[in-house]
Protein chains: 2
Amino acid sequence: MNDHKRPAAKTTRRRGRELLDAIHQAVLLEVAETGLPGLTMEGIARRAETAKTSLYRRWTSPEDILIEALRERYPRENPTAGAVDLRGDLVAAIGLMRELMGDRILGPAMLAVNSEAMVRPELHRRMWTEVYDPQGERFTWRVMEHYAALGHIDPAKVNDLTADIGESLMLKYAVDHPGELPPKGYEERIVDEVLLPVLGVRP
Amino acid sequence: MNDHKRPAAKTTRRRGRELLDAIHQAVLLEVAETGLPGLTMEGIARRAETAKTSLYRRWTSPEDILIEALRERYPRENPTAGAVDLRGDLVAAIGLMRELMGDRILGPAMLAVNSEAMVRPELHRRMWTEVYDPQGERFTWRVMEHYAALGHIDPAKVNDLTADIGESLMLKYAVDHPGELPPKGYEERIVDEVLLPVLGVRP
DNA sequence: CGTATTAGATACGTCATCGTAGCCTAGTGA
DNA sequence: TCACTAGGCTACGATGACGTATCTAATACG
């Protein structure tokens, strides 16, 4: 009756999708906690409760796992713009960024990755080609274009710079207040005090 | 005649200020290259061409050395604002950020540190209390206040949000284009297309 | 000139991660 | 039901950072 190999407990063994999801989850949590450079195969394995070998079988580096996880989990929603509510659509567009920042898993993970990407151009490129959509981001920009096409705003005032304002202010908030979300109404203030004046629209 | 301990070469031995400066320089270069989590006593020692022991004698962690180096090297200039050229002063204020970003040593080092600080609130606090001045930053903000006091702009339009615009756009540029500086004239565009309209000033 | 400081060199045991190898076993599906 | 696949376990030598101890040598300073 010698239980010669820890017999009990783990009755079931995960495979395929189930295991993959667990690993993806693990890598995101891990990177959020330790930062990208602290990301290690052993760490991921520990957290996913799987074996290091199982990781090496499929991937060759922690970063590869991470990118794959992000590609799967990163939100790809097409922000839609109505036809009548410029202000509301702008607020909503900026709000998408708050959603991302507020995601308890994806938010910190993205922070950690973007941090590193600032110092490692190859990673930056990789994120853009492998994670961010071909269509790519720029929530605010789409809304602006839309209303410019409708003649509600001067098309000349829609450009790379003005389209960046909303996202950049949200970004700076994140940088200045690690771990916090902007206060309620922050998006509205951005739109009312900055974007609309810049676009030459009177409330 | 056995040269029993590598006799030649190193005739002089650094100490005090000279050594300290070399170490500070080394830690900044090192962190720029390896990132903060990759920062190690051995690495710093190697680059400064000193002994690990000499580091441990004075500091207890790589991070301590780094903070000290930053405290010494971080620019503390009082941005002055004249009385007559709002536009020019704003451009200059934002330009200070370009200078920092463009510094081949301090720029990358600050990037690396800020990256980490986003994920490690204690570090963020430490930077603010030990590196950034008591007076603290906010180049643009000072200029705005100044001209508001002079009655050139509506004081109600000078607040946390509007004061952040310039820096945040420069920051976003850095995030989106790792290793690059904004194109010539970028500050001017920020001022002309964004800041002045927001402040309700017509060119 | 001689002594007290301060740097530099070397070595050590410990620890965590690396990437790989070898073998065992639960689940799957023909 | 049985063979095959995919996952799990353990162990390994290698590497590199850790923090400390010990000794030697250069420089400053009285």
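No hydrogens, no waters, no symmetry mates; every other heavy atom, side chains included, goes into these values. To find a chain, count down the sequence lines: A is the first, B the second, and so on, and within it residues start at 1.
Side-chain atoms of His124(A) never come within 3.5 Å of backbone atoms of Met118(A) as a donor-acceptor pair (strictly under, hydrogens ignored). A donor-acceptor pair under 3.5 Å is absent between the side-chain atoms of Arg98(A) and the main chain of Leu181(A), judged by distance alone.
Distances from the side chain of Tyr56(A) to the nucleotides dG8(D), dA28(D), dC18(C) place dC18(C) closest. The side chain of Arg58(B) lies closest to dA7(C) when the candidates are dG8(C), dA7(C), dG8(D).
Applying the 3.5 Å distance criterion, the base of dA9(C) shares a donor-acceptor pair with the side chain of Thr53(B). In terms of polar N and O atoms assigned as donor or acceptor, the side chain of Arg57(A) comes within less than 3.5 Å of the base of dG7(D) in a complementary pairing.
What separates CD of Glu63(A) from P of dG19(C) is a distance of 12 Å, to the nearest Å. When the C1' atom of dA7(C) is taken as reference, atom CZ of Arg14(B) falls 9 Å away, rounded to whole Å. Summarising the geometry, the separation between CG on Leu19(B) and P on dA25(D) is reported as 20 Å, rounded to the nearest angstrom. Summarising the geometry, the separation between CG on Leu55(B) and P on dA9(C) is reported as 12 Å, rounded to the nearest angstrom. Atom CD in Glu18(A) sits roughly 16 Å away from atom P in dA26(C) (whole-Å rounding). In this structure, Glu49(B) places its CD atom 17 Å from C1' of dA26(D), rounding to the nearest Å. In this entry the distance linking CD of Glu30(A) with P of dA16(C) reads 15 Å, nearest Å.
Here Arg189(B) pairs with Asp160(A) in a salt bridge; the nearest charged N to carboxylate O distance falls below 4.0 Å.
For Arg47(B), the side chain to side chain donor-acceptor pair (under 3.5 Å) partners two or more places apart in sequence, or in a different chain, are Glu30(B), Glu33(B).
Of the side-chain N and O atoms in Thr50(B), one or more sit less than 4.0 angstrom from OP1 or OP2 of dG8(C).
Note on ring orientation: taking the six-membered ring where Trp is involved, the planes of His177(A) and Tyr173(A) are parallel (angle under 30°, cut-offs 30° and 60°).
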Inset, instruction - Any chance you could list the contact pattern along nucleotides 12-17 of chain D? Use B for base contacts, S for sugar-phosphate-only contacts and - for none, protein heavy atoms under 4.0 Å, 5' to 3'. - result: -----B
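Side-chain contact annotation: Thr140(B) with Glu167(B), donor-acceptor N/O pair under 3.5 Å present.
Counted within 6.0 Å of CZ on Arg17(A), heavy atoms from surrounding residues, nucleotides or ligands total more than 12; the atom is thus considered enclosed.
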